[in-house]
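Data first, discussion second: the structure below is written as structure tokens.
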Amino acid sequence: MEKPPPPQSPQPPPQSSNDISQMPPQNPSKIPIRPQKIRKLSTESPTIETTTQQSSSTIAEADASKAIITSTPTPTTTKRRRNSTRSDLPKIIKPLSAPGEITAAIRHLRSADPLLCKLIDTHPPPTFDTHQPPFLALAKSILYQQLAYKAGTSIYTRFVSLCGGENEVLPETVLSLSQQQLKQIGVSGRKASYLYDLANKYSNGILSDETVVKMDDRSLFTMLSMVKGIGSWSVHMFMIFSLHRPDVLPVSDLGVRKGVQLLYMLDDLPKPSQMEQLCEKWRPYKSVGAWYMWRFVEGKGSAAGGGPAVGLVSDGTTDQQNQQLEQSEQQQQQQLQLQLLEPINSIGNLGACIWGQ
């Protein structure tokens, strides 16, 4: 009779030593953690190597490349900020009345345009020493428009007396005057509206003496052209003889155009665009170059209305023409384009006469 097989004893539970031996199932779970950190580090190093365009295999090289990256942007950023700061700084423009500016202008014009040398040697240097508040100067230019110089002076004198003196020619004073009061001293209804418009723009804060003085040439031209009755010629004369701006070329002034024609021996009067091209070499002292053009035409014995003509103000129309201009705004605009030729018997600059030069 066969004996039954002995019962198999149950297997003992795994011992602690077996647990240790079976650590690999757990170790793999820990091992990937470390490579993750290594991978994280390794993902940074290619960026460093790509930026520096060098391959490094050691930590020292990687650290060195980091130092270059962190240190180089600093001066670059600083340099850009300095450049942007310098470009943002407003350019300081010295008026022609500042000490040494006329000397610097003459020196520049001599070297930039040899054709001016004879004119510079023939005439004494220009002077720009008139200092009037901008509002007074602008109101004065409006009153002189379309009138003979003597008639303009008479009306301006009565206007100043009506205001209580030149120091009282203020926006609020002008606005307090009635059209009837202005008419009694010879100011036309149209010019009265121009004076009121100028005073209102001052009263509303659109313009002020302080902002006018601080504006650059382009902004100033734009803002003053918004005032009724003030055109490009008036703005250019104001900028040259009241603010003493050094780089203004009155391209609409027939006297300056005639001077440029004579200087460069042109067959016809140059157009504004041609004036800009021919006189670009005078920059940044176009105002002084224009002054010598007036002197040049004066020496030739004839001048255009506008700048050099003493007998006529602004665009060179007479008193009778001024009465006709009152009838039609369109006719006025046409007449504004006309400038009459006259002999010169005096200092020869109309804008200078207006501002007391």
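As a basis for the values below, the full set of heavy atoms in this structure was taken, side chains included, without hydrogen atoms, waters or symmetry mates. A quick note: this is a predicted structure, and the numbers were derived from the prediction, not measured.
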Next item on the list: Might you confirm whether atom NZ of Lys281 has over 12 heavy atoms from other residues, nucleotides or ligands at distances under 6.0 Å?
Entry: yes
Next item on the list: Please round to the nearest 0.5 Å and tell me the distance separating atom CG of Leu147 and atom CD1 of Ile155.
Entry: 5.0 Å
Notebook entry, point to check: Counting distance only, does the side-chain N/O of Gln181 pair as donor-acceptor with the main-chain N or O of Ser178 below 3.5 Å?
Noted result: yes
Margin query: Taking Thr130's backbone N and O only, do any of them form a donor-acceptor pair with His244's side chain (distance below 3.5 Å, no angle check)?
Written below: yes
Check: Can any side-chain N or O of His108 pair as donor or acceptor with the backbone N or O of Arg283 at less than 3.5 Å?
Finding: yes
What side-chain donor-acceptor pairs closer than 3.5 Å can you find for residues 262-271, not counting sequence neighbours?
| unit_1 | atom_1 | unit_2 | atom_2 | d |
| --- | --- | --- | --- | --- |
| Tyr264 | OH | Asp113 | OD2 | 2.5 |

Checklist line | Tyr194 side chain reached by Val227 side chain, heavy atoms, under 4.5 Å | finding: no
Check: What's the spacing between Trp233 CH2 and Met237 CE if we round to 0.5 Å?
Finding: 5.5 Å
Notebook entry, point to check: Nearest heavy-atom pair of Trp282 and Ala290: which atoms, and what distance?
Noted result: CZ3-N, 4.0 Å
Next item on the list: Could you tell me whether the side chain of Lys191 and the main chain of Gln145 form a donor-acceptor pair under 3.5 Å?
Entry: yes
Item checked: salt bridge (Lys or Arg N to Asp or Glu O under 4.0 Å) partners of Asp209, counting only residues at least two apart -> none
Checklist line | Side-chain touch His131/Ser97, heavy atoms, less than 4.5 angstrom | finding: yes
Next item on the list: Decide whether Tyr149 and Val160 are clustered together by the hydrophobic rule: side chain heavy atoms of Ile, Leu, Val, Met, Phe, Trp, Tyr closer than 4.5 Å, transitively.
Entry: yes
Margin query: According to side-chain contact (heavy atoms from CB on, under 4.5 Å), who are the partners of Thr157, at least two apart in sequence or on a separate chain?
Written below: Thr153
Next item on the list: Run the salt-bridge test on Asp216 and Arg245 with the 4.0 Å N-O cut-off and return the result as yes or no.
Entry: no
Check: Does the side chain of Leu182 reach to within under 4.5 Å of the side chain of Tyr196, using non-hydrogen atoms?
Finding: yes
Margin query: Are Leu170 and Phe238 linked, directly or through intermediate hydrophobic residues, by side-chain heavy-atom contacts shorter than 4.5 Å (ILVMFWY only)?
Written below: no
Check: Can you tell me how far CZ of Arg190 sits from CD1 of Ile142, rounded to the nearest 0.5 angstrom?
Finding: 13.0 Å
Margin query: Let me check something: do Val213 and Phe135 share a hydrophobic cluster, defined by ILVMFWY side-chain heavy atoms less than 4.5 Å apart, either directly or through other members?
Written below: yes
Notebook entry, point to check: So, does Tyr144 use its side chain to make a donor-acceptor pair with the main chain of Tyr156 at under 3.5 Å?
Noted result: no
Margin query: Tell me the closest heavy-atom pair linking Pro250 and His236, and the distance in Å.
Written below: CA-ND1, 3.4 Å
Margin query: Is any side-chain heavy atom of Met239 closer than 4.5 Å to one of Val235?
Written below: yes
Notebook entry, point to check: Roughly how far apart are Phe159 CZ and Glu166 CD, rounded to 0.5 Å?
Noted result: 10.5 Å
Checklist line | Partner of Leu119 under side-chain contact (heavy atoms from CB on, under 4.5 Å), chosen from Thr122, Asp121, Leu116 | finding: Leu116
Note to self: Is any side-chain heavy atom of Phe128 closer than 4.5 Å to one of Pro246?
What the structure shows: no
Notebook entry, point to check: When you look at CD of Glu172, are more than 12 heavy atoms from neighbouring residues, nucleotides or ligands closer to it than 6.0 Å?
Noted result: yes
Next item on the list: Drop me the distance from Phe296's CZ to Lys118's NZ, to the nearest 0.5 angstrom.
Entry: 8.0 Å
Check: Have Ser154 and Arg158 got a donor and an acceptor in their side chains that come within less than 3.5 Å?
Finding: yes
Item checked: Over 12 foreign heavy atoms within 6.0 Å of CG, Asn204 -> yes
Notebook entry, point to check: Under 3.5 Å, is there a donor-acceptor pair between the side chain of Ser225 and the main chain of Phe221?
Noted result: yes
Checklist line | Lys201 (side chain) donor-acceptor with Ile206 (main chain) under 3.5 angstrom | finding: no
Item checked: Leu195: which of Leu177, Asn200, Val174 passes side-chain contact (heavy atoms from CB on, under 4.5 Å) -> Val174
Note to self: Looking at Leu138, is its backbone amide N or carbonyl O close enough to the side chain of Ser141 to form a donor-acceptor pair, meaning the two atoms are under 3.5 Å apart?
What the structure shows: yes
Notebook entry, point to check: For the atom pair OG (Ser208) and CE (Met215), what is the distance rounded to the nearest 0.5 Å?
Noted result: 7.0 Å
Note to self: Check whether Thr173 reaches the backbone of Cys163 with its side chain - one donor and one acceptor, N or O, closer than 3.5 Å.
What the structure shows: no
